[in-house]
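The block underneath contains the structure these notes are about, expressed in structure tokens.
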Amino acid sequence: MPELPEVETTCRGIAPHTEGKEVKAIVVRQPKLRWVVPNSIQEMVGQRINKVARRAKYVLLETDIGTTMVHLGMSGSLRVVDDSLAPDKHDHVDIILDTGKALRLHDPRRFGAVLWTQESIDTHKLIGHLGPEPLTDAFDVDYLVGCAARRSVSVKQFIMDAQVVVGVGNIYASESLFMAGISPKRAANKVSKKRYALLTQCIKQVLARAIEQGGTTLRDFVQAEGKPGYFKQELNVYGRAGEPCNTCGELVVQLKQGQRSTFYCGSCQR
DNA sequence: AAAGACACCTGTCCGC
DNA sequence: TGCGGACAGGTGTCTT
């Protein structure tokens, strides 16, 4: 489910309930997620959560002595619930706070992760090699053009490459390319600098707007309070194969690129 | 070095 | 109603 806007929405939703609160207990009902939840996660018990942050698609719960990293995978969501609320089948991990609330990870497919690290996040094995955040100034046209040199992969797969830029997943890659009028099939090194300048802006705009709308709920994403995101109604191409393009009326096309579905308008995108 | 395939897992939907 | 197969928002790892 979650791309950058959904993870950011989650962070913003849980922050008021977790920042400054102490962790009273951690309950792991199903340790087998993408990686087995480490026993060292219990080191977080008794610690105060100083800050909720995000890097790429990781939710970071920072304490004085270490950081808990939560990844939502394809089907994960993190909610704030009353500690006493009975867990569902796929509620795998609870981080129980001293307020009577708990952060509850729900993840049917178990592609998500809960990890504990004492090292600096910037150099962490899973994060150190990642590209810049798309909503920062470090992500600009010169940077993107530099990355694209000698890359024959399609521009859609290129912008989904986390070593190039983080947070752009399957929905927002298609949407950004539609907004920029660029064909997803074009090779990354065959896109002009002028069009990369536009694409850079479109990626920022699409992600920012999706965050404003609380993310996109396709099937199971929910925000911290359990509400869906509302960006789905603003999708122009994703999931709209066979429907008319909102701009020109031509039918939206679906294809596979790197095992993932891509949606685009063959008339508006060149 | 880069590109492509595969793996992980459950739920849902569609056609027969 | 049941069954098989395809598909789903991610990403590390292995093979070409």
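In what follows, every chain begins at residue 1, and chains take the letters A, B, ... in the order their sequences are listed. Just so you know, these numbers use all the heavy atoms, side chains as well, and skip hydrogens, waters and symmetry mates.
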**Asked** Do we see A:Phe111 stacking on the base of C:dG10, given a limit of 5.5 Å between centres and 30° between planes?
**Response**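 Yes, the aromatic ring of A:Phe111 stacks with the base.
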Lys/Arg-Asp/Glu bridge criterion (N-O < 4.0 Å) met for [X], [Y]:
X: A:Lys101; Y: A:Asp83; value: no
X: A:Lys125; Y: A:Glu119; value: no
X: A:Lys24; Y: A:Asp98; value: no

**Message:** If I take atom CE in residue A:Met69 and atom C1' in nucleotide C:dG10, what distance separates them, rounded to the nearest angstrom?
**Reply:**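 The distance from CE of A:Met69 to C1' of C:dG10 comes to 14 Å, rounded to the nearest Å.
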**Message:** Without decimals, in angstroms, what is the distance between A:His129 NE2 and C:dT11 C1'?
**Reply:** 9 Å
**Asked** With sequence neighbours left out, what residues match A:Arg12 under salt bridge (charged side-chain N to carboxylate O under 4.0 Å, His left out)?
**Response** A:Glu8
**Request:** Using atom types as modelled and distance alone, determine if a side-chain donor or acceptor of A:Glu19 lies under 3.5 Å from a backbone N or O of A:Asn50.
**Result:**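 Between the backbone of A:Asn50 and the side chain of A:Glu19 there is no qualifying donor-acceptor contact (under 3.5 Å).
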Using a cut-off of less than 4.0 Å, is there contact between a side-chain N or O of [X] and OP1 or OP2 of [N]?
X: A:Arg260; N: C:dG9; answer: yes
X: A:Lys32; N: B:dC9; answer: no
X: A:Lys232; N: C:dG9; answer: no
X: A:His71; N: C:dT11; answer: yes
X: A:Ser261; N: C:dA8; answer: yes

**Message:** Let's see if you can work this out: which of B:dG11, C:dG9, C:dC7 has an atom nearest to the side-chain heavy atoms of A:His90?
**Reply:**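 The answer is B:dG11.
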**Request:** Consider the side chain of A:Gln254, meaning its heavy atoms from C-beta on, and name the nucleotide among C:dG12, C:dA8, C:dT11 that approaches it most closely.
**Result:** C:dA8
**Asked** DNA chain C: A:Arg109 or A:Lys125, which has the more 5' nearest nucleotide?
**Response** A:Arg109
**Request:** Give a yes or no on whether a donor-acceptor pair under 3.5 Å exists between the nucleobase atoms of C:dT11, that is its base, and the side chain of A:Arg34.
**Result:** yes
**Prompt:** What distance, rounded to whole Å, do you find between the two P atoms, one in C:dT11 and one in B:dA1?
**Reply:** 23 Å
**Request:** Check DNA chain B for consecutive Watson-Crick or G-U pairs with both distances under 3.5 Å and list the runs of at least three as stems.
**Result:**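 In DNA chain B, stems of three or more pairs: B:2-8 with C:10-16, B:10-16 with C:2-8.
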Check nucleotides 2-5 of chain B against the protein and report each pair of N or O atoms closer than 3.5 Å, with its distance, or say if there are none.
from, atom 1, to, atom 2, distance (Å)
B:dA3, OP1, A:Ser152, N, 2.7
B:dA3, OP1, A:Ser152, OG, 3.1
B:dA3, OP1, A:Val153, N, 3.0
B:dA3, OP2, A:Arg151, NE, 2.5
B:dA3, OP2, A:Arg151, NH2, 3.0
B:dA5, OP2, A:Gln259, OE1, 3.4

